[in-house]
Amino acid sequence: MEPAAGAKAEETFQLADRVNRISVSPTMAVLQAAEQLKSKGVDVADFGPGEPDFPTPDHIKRAAIKALEENRTKYTPAPGIAPLRQAVCDWHAAQLGSSYQPAECIVSSGGKQVIFNAVCSLVNSGDEVVIAAPYWVSYPDIVKYAGGKPVIVETRAEDNFIMRAADIEKVLTPRTRMVIADSPSNPSGAVIPPEEFAKILALCQRKGVWLLSDECYSHFVYGDAKPFSIASVAGSKNRVIVVGSCSKTYAMTGWRVGYALAPQPLVAAMTKLQSQSTSNVTSIAQYAALEALRGPMDSVVAMLGEYTRRRERILAGVRAIPKVTCTAPQGAFYVFPNVSAHLNAQMPTDTAVAKQLLERESVAVVPGEAFGAPGYIRISYATSLERIEEGLRRLNRFFAS
Ligand code: GLU
């Protein structure tokens, strides 16, 4: 007789420890759940995935079409085509004041693969990696996959969730291999002030620890903040790994183009790893990214203007919900309200809040627990003002009931 599906199957094969140590990306899980509902015709207020709702700018799409027509559809060098690596270095120098050569640049399938490559190239079994909570969902799992140990440093809402050198210093041990800084932060929107960032760098250099700086949201900052890279600080290069991406800056999430700027031997190791896993980023996506980085920045300015308006509306709307508090994000495109005053026996966790919001109001959000911040939910405002209004109506109804 055929064994019953499910239970029996689990008994008959075992997965490798490295994959058992990690979970499905919670952001990807929310994205999938929302897509499933939409495919059934449900009108979802989708605050889930952090991805621009703007189309990829036309000049970038045209570059991809041209690349297709010119049959640029073959393998490329694993770390990316030479002009793109040069363009990344030029763009980063012009926009953010760094100074890198193409040999210090690798292009990978999104910022996520860059981080994966860097962590897997540097972290040995038992090594510790310092991560500030609230953190982007994938940092701890990538570290665990590599056999490392995530060491979480709590930041404070009253301090706008800023990662501080003094807090990092308290948790450093001889096993610390890396500190991950995420500024602007996904999910909190925290922006590390440049002088604090310089202190974090100095600490890492003093202790011989790598500083991975995730700068994927560099160009979406509000108020007085300016796009900033720690790589603009003189003498930073020996310890810094810059992670950047076209996904957010140019509304190119699906194209999967990210990059690292790092010391050449590390880039060589990351290239070796990538050459044995995914090889090059899709060739036509690389030509699109080349146009993005060499072309005008108007679309980025326009998106920032729109995010600025949305940020004000969503922040005011969320703060108007009784017993919900929310710090003002200084960058990225998320608000991260504290909903803990609404937890009760029927809805004991933020994960339950997110689940019930989706079931009862068709509102997609990501629970704070996924970011190491219980009691919070993440709301992406990379969606139109009209959808934000609709979502706020539903959130109000939900928390009033
Ligand atoms: N920035 C996106 C988010 O956090 C990335 C999605 C992901 O790959 O986790 O929603």
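Whatever order the structure lists them in is the order used to number ligands and atoms, beginning at 1. All figures in this text were calculated on a predicted structure; none of them were measured in a lab. Each residue takes its place number in the sequence, starting with 1.
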Any side-chain heavy-atom pair of Leu315 and Pro329 under 4.5 Å
yes

What residues, two or more places apart in sequence or in another chain, satisfy ring pair (Phe, Tyr, Trp, His ring centres under 6.0 Å) together with Trp255?
none

Donor-acceptor under 3.5 Å (Asp350 side chain, Ile377 main chain)
no

Which residue pairs pass the salt bridge (Lys or Arg N to Asp or Glu O under 4.0 Å) test with at least one member in residues 23-39, sequence neighbours excluded?
Glu35-Lys38, Lys38-Asp46

Neighbouring residues of ligand 1, heavy-atom cut-off under 4.0 Å
Ser25, Thr27, Met28, Pro49, Gly50, Lys112, Trp136, Asn186, Tyr217, Lys248, Tyr334, Arg378

Evaluate the side-chain proximity of Ile192 to Phe228: yes if any heavy-atom separation is below 4.5 Å, no if none is.
no

Test of understanding: with side-chain hydrogen bond (donor to acceptor under 3.5 Å, both in side chains), list the residues that count as partners of Ser213, not counting sequence neighbours.
Glu215

